[in-house]
2 protein chains.
Amino acid sequence: MKKISVKKGEILQRKGELNSKVYKVHSGLLRSYSIDEQGKEHIFLFAPEDWIIADNSAKDVPSELYIDALEDTECEAINRDEDLVLEPLKLLKRMAVLQNRVIMLMSASAIERYNHFLKTYPHIVQRVSQKMIASYLGITPEALSRVKKESHGKR
Amino acid sequence: MKKISVKKGEILQRKGELNSKVYKVHSGLLRSYSIDEQGKEHIFLFAPEDWIIADNSAKDVPSELYIDALEDTECEAINRDEDLVLEPLKLLKRMAVLQNRVIMLMSASAIERYNHFLKTYPHIVQRVSQKMIASYLGITPEALSRVKKESHGKR
DNA sequence: TTGAATTCTTAACCTAAATCAATATGCAAT
DNA sequence: ATTGCATATTGATTTAGGTTAAGAATTCAA
């Protein structure tokens, strides 16, 4: 359990690493993301102040996700087994977020996904680029741009 | 922590309920699913022998998922807070499954999703209908039928 | 401050999968 | 066995979103 300072753009953890930690963000903004076979980035999670971010692969399996900083960030690195006993309720909350995300990805259109994002991360919209948001939603930046334009009257 | 017998088709838990439990399957097959605004079913998880199934919404929030039996099932109902301390490693495993599912939903085509399913649930394919599998993959039964046909040579 | 580099928007076109519809197959209950 | 129902397959058509490309707007580094 030690404090870490990360500069914007720095990579905290890479896909394929085994010694994966859990990071608790005190200030700033981290994200986790995967890169698929075609080299495309998919943002898995944003972690602003007070959120916890981690790769959740089994402990003996190389991690699937990269974690890096979208802003200069102060955070705390915790061992995964410590995390389990330290903050069990936060863990349940993370499960809830993931569950909503799966349901959303299976049933929601582009615009519905965007609205879901606004609800999950009300304070992040101003801090990240459209490109990042699109990557989180699982659509292209072009599609996001279109969809926002079309919905101007409707919300 | 009590034993429960569920007949095929019986609903163990409904969307909107608050007293949500965690179920550990001893034999048979359970599933959890949501129903969206258009009345469409989306299977969230299959739980065959030895799996654990639950709605992961926050405890003070009505559950999002239905849970029912696809086969006659023997299982065990556990309180969510008990579950947390009883089997912390299984919980981490469930997180890993969810994480893979999100990544899959964001980046994979229909055929890739099907192959992913075969890997996650090697023994379930024979036990559930194409319709159920399609619902789990987030595609229509028609799309699944076509995609399997097209890939006959290729795998 | 200026140039280079991302990012954003818009448009035209393309494609994977959804929808709609018809037929076929399998299964359960009497 | 026969009826009825859900499931599966196949085909025709539509559509949401992807791809490509080009210009405008922002950001960033020197």
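Chain letters run A, B, ... following the sequence lines, proteins first and then strands; every chain starts at 1.
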Subject >> B/S/- contact track for nucleotides 8-20 of chain D, protein heavy atom under 4.0 Å >> reply: SSBBB----SBBB

Subject >> Over all atoms of both residues, closest heavy-atom pair of B:C75 and B:L30 >> reply: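 Taking B:C75 first and B:L30 second, the nearest heavy atoms are SG-CD1, 4.4 Å.
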
Original post:
Which atom pair, heavy atoms only, marks the closest approach of B:S63 to B:S57?
Top reply: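 Nearest heavy atoms, B:S63 then B:S57: CA-OG, 3.9 Å.
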
**OP:** For residues B:F44 and B:Y136, establish whether the separation of their ring centroids is below 6.0 Å.
**Re:**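 Centroid distance B:F44-B:Y136: not below 6.0 Å, so no.
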
Original post:
When the distance from NZ of B:K7 to P of C:dA28 is rounded to whole Å, what number comes out?
Top reply: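 It is 16 Å, rounded to the nearest whole Å.
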
Subject >> Spacing between B:L70 atom CG and D:dT7 atom P, to the nearest angstrom >> reply: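 In whole Å, D:dT7 P lies 11 Å from B:L70 CG.
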
Original post:
Does atom NZ of A:K93 have more than 12 heavy-atom neighbours, drawn from other residues, nucleotides or ligands, at distances under 6.0 Å?
Top reply: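 Open: at most 12 neighbouring heavy atoms sit under 6.0 Å from NZ of A:K93.
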
Got a list of side-chain donor-acceptor pairs under 3.5 Å for residues 45-53 of chain A, not counting sequence neighbours?
{"unit_1": "A:E49", "atom_1": "OE1", "unit_2": "A:R127", "atom_2": "NH1", "d": "3.4"}
{"unit_1": "A:E49", "atom_1": "OE2", "unit_2": "A:R127", "atom_2": "NH2", "d": "3.1"}

